[in-house]
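Here is the structure we will look at, set down as C-alpha cells.
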There are 2 protein chains.
Amino acid sequence: MATLETTATVDIGYRSDGPGRLILDQIADKWSMTVLAFLDRPRRFNEILRHLEGVTHRVLTHTLRRLERSGLVARRVLTASPIRVEYSRTPLGESLREPFGHLYAWTVENLDDIRAHQLAYDERLRGQ
Amino acid sequence: MATLETTATVDIGYRSDGPGRLILDQIADKWSMTVLAFLDRPRRFNEILRHLEGVTHRVLTHTLRRLERSGLVARRVLTASPIRVEYSRTPLGESLREPFGHLYAWTVENLDDIRAHQLAYDERLRGQ
DNA sequence: CTGCATCCGAGCGGATACTG
DNA sequence: CAGTATCCGCTCGGATGCAG
C-alpha cells in the first residue's frame, strides 16, 4: 500500500465526491490548518483563542469540534475550577503535516508566479 | 531550491492570511481539482461539461476563469464556426499535481480511520 | 458552441448574549 | 474558563434565459 506513485492518483481517482473532497472539506475552511499548526503541544481553549487573531469564540469551538470529530485533534477535560480543557494533535493530525507541507511548500515556491498571473489577468480586463 | 524539509513549514509559517489560504482558496472549491485532473490533454468546454457529472454551465465557466486567472489553466480560442475553445493545463497547473497527490494519497490511506472516528463521535452524541 | 447576466437558496463565518 | 444558542450578512453553487 502506497508510498506515493502519486501523480497518477490525481488524474485517475479524482471525483467531486471522492476522498479529495473529504480532506478538502475538512481542512479548507478558514481556521482548521491554523489551529492544527498551533497545536505543537497541548493548548487550552483560551490560549488558542488568543493566539489566533481574528477568530471568534464560537467559530473556534466549531473548528475544534470538527477536527475532534475526524480524529485529528484530541480533547481532554481537566477537572479543576475554573474548568480547563486541553486540545492536542492526535497521531493522525500529526501525520497530516507532511502531505500538507508539500502543498504549502509548492505555494510558497510559486507564489510570485501565481500573483503575477492574477495581476496580468486583472489588468487585461481593466484594459478593455 | 527547496526540496522539502517541510514539516516545520506548516507550524512556522501558517497564518489564516498566508500562502496556505491562497492555495486552499484556489483549489478547495467544489470543482477545480476535478477539472484540473481531467485536463490531461486540451479539452473543449462542452467536453469538460459533459464529463463532469453535476456541474452546470455557469459554474464550470467560473471555475475555468479562476484557474485561468491564476495561471493553472490556459484558454485558447479556435476561430471556427461554431466557435471552439480549448482549455489545457499550464506547466504551473501540471506542477500542482505532485504536491496535491501527497494529500490525496494521505486521505486514501487514512480514509477508514477518519470515517471510524466520525462514526464513533456521532454515536457518542446520539447516546446522550 | 461559449459566455454572460440575473435570480435564488444554502451554508459558513462572525457578533452577541447567556449558562455551568 | 469553556460551551451553547440566536441572529445575520455574505459568498458560493446552482437554475435559467439571452447573446455573440
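Since this is a predicted model, take the numbers as computed values, not measurements. Proteins come first, then strands; the chains are lettered A, B, ... in the order of their sequence lines, and each starts at number 1.
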Between B:Glu47 and B:His51, do the side chains contain a donor N or O and an acceptor N or O under 3.5 Å apart?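 No.
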
Please give, in whole Å, the distance from [N] [atom2] to [X] [atom1]?
{"X": "B:Glu86", "N": "C:dC1", "atom1": "CD", "atom2": "P", "value": "15 Å"}
{"X": "A:Arg76", "N": "D:dA2", "atom1": "CZ", "atom2": "C1'", "value": "16 Å"}
{"X": "B:Phe45", "N": "C:dC1", "atom1": "CZ", "atom2": "P", "value": "10 Å"}
{"X": "B:Arg43", "N": "C:dC1", "atom1": "CZ", "atom2": "P", "value": "17 Å"}
{"X": "A:Leu78", "N": "D:dC1", "atom1": "CG", "atom2": "P", "value": "14 Å"}
{"X": "B:Leu60", "N": "C:dC1", "atom1": "CG", "atom2": "P", "value": "13 Å"}
{"X": "B:Leu49", "N": "C:dT2", "atom1": "CG", "atom2": "P", "value": "9 Å"}
{"X": "A:Leu64", "N": "D:dG3", "atom1": "CG", "atom2": "P", "value": "8 Å"}

Among B:Val73, B:Leu39, B:Ile27, which residue satisfies the side chain to side chain contact (heavy atoms under 4.5 Å, CB included) criterion with B:Leu67? B:Val73

Base contacts versus sugar-phosphate-only contacts with protein, heavy atoms under 4.0 Å: please encode nucleotides 4-20 of chain C as B, S and - from 5' to 3'. SBB------BBB----B

If you take the centroid of each ring, where Trp contributes its six-membered ring, are A:His57 and A:Phe45 closer together than 6.0 Å? yes

Could you tell me if B:Arg43 sits above the aromatic ring of B:Phe38, with its cationic atom closer than 6.0 Å to the ring centre and no more than 45 degrees from the axis? yes

Distance test, side-chain N/O of A:Tyr87 to OP1/OP2 of D:dG3, below 4.0 Å: yes

Check whether A:Leu111 and B:Leu92 end up in the same hydrophobic cluster, where Ile, Leu, Val, Met, Phe, Trp and Tyr are linked by side-chain heavy atoms less than 4.5 Å apart.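 Yes; tracing contacts between hydrophobic side chains, which count when under 4.5 Å, links both residues.
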
State plainly whether the residues B:Asp122 and A:Arg69 are in salt-bridge range, i.e. N to O under 4.0 Å. yes

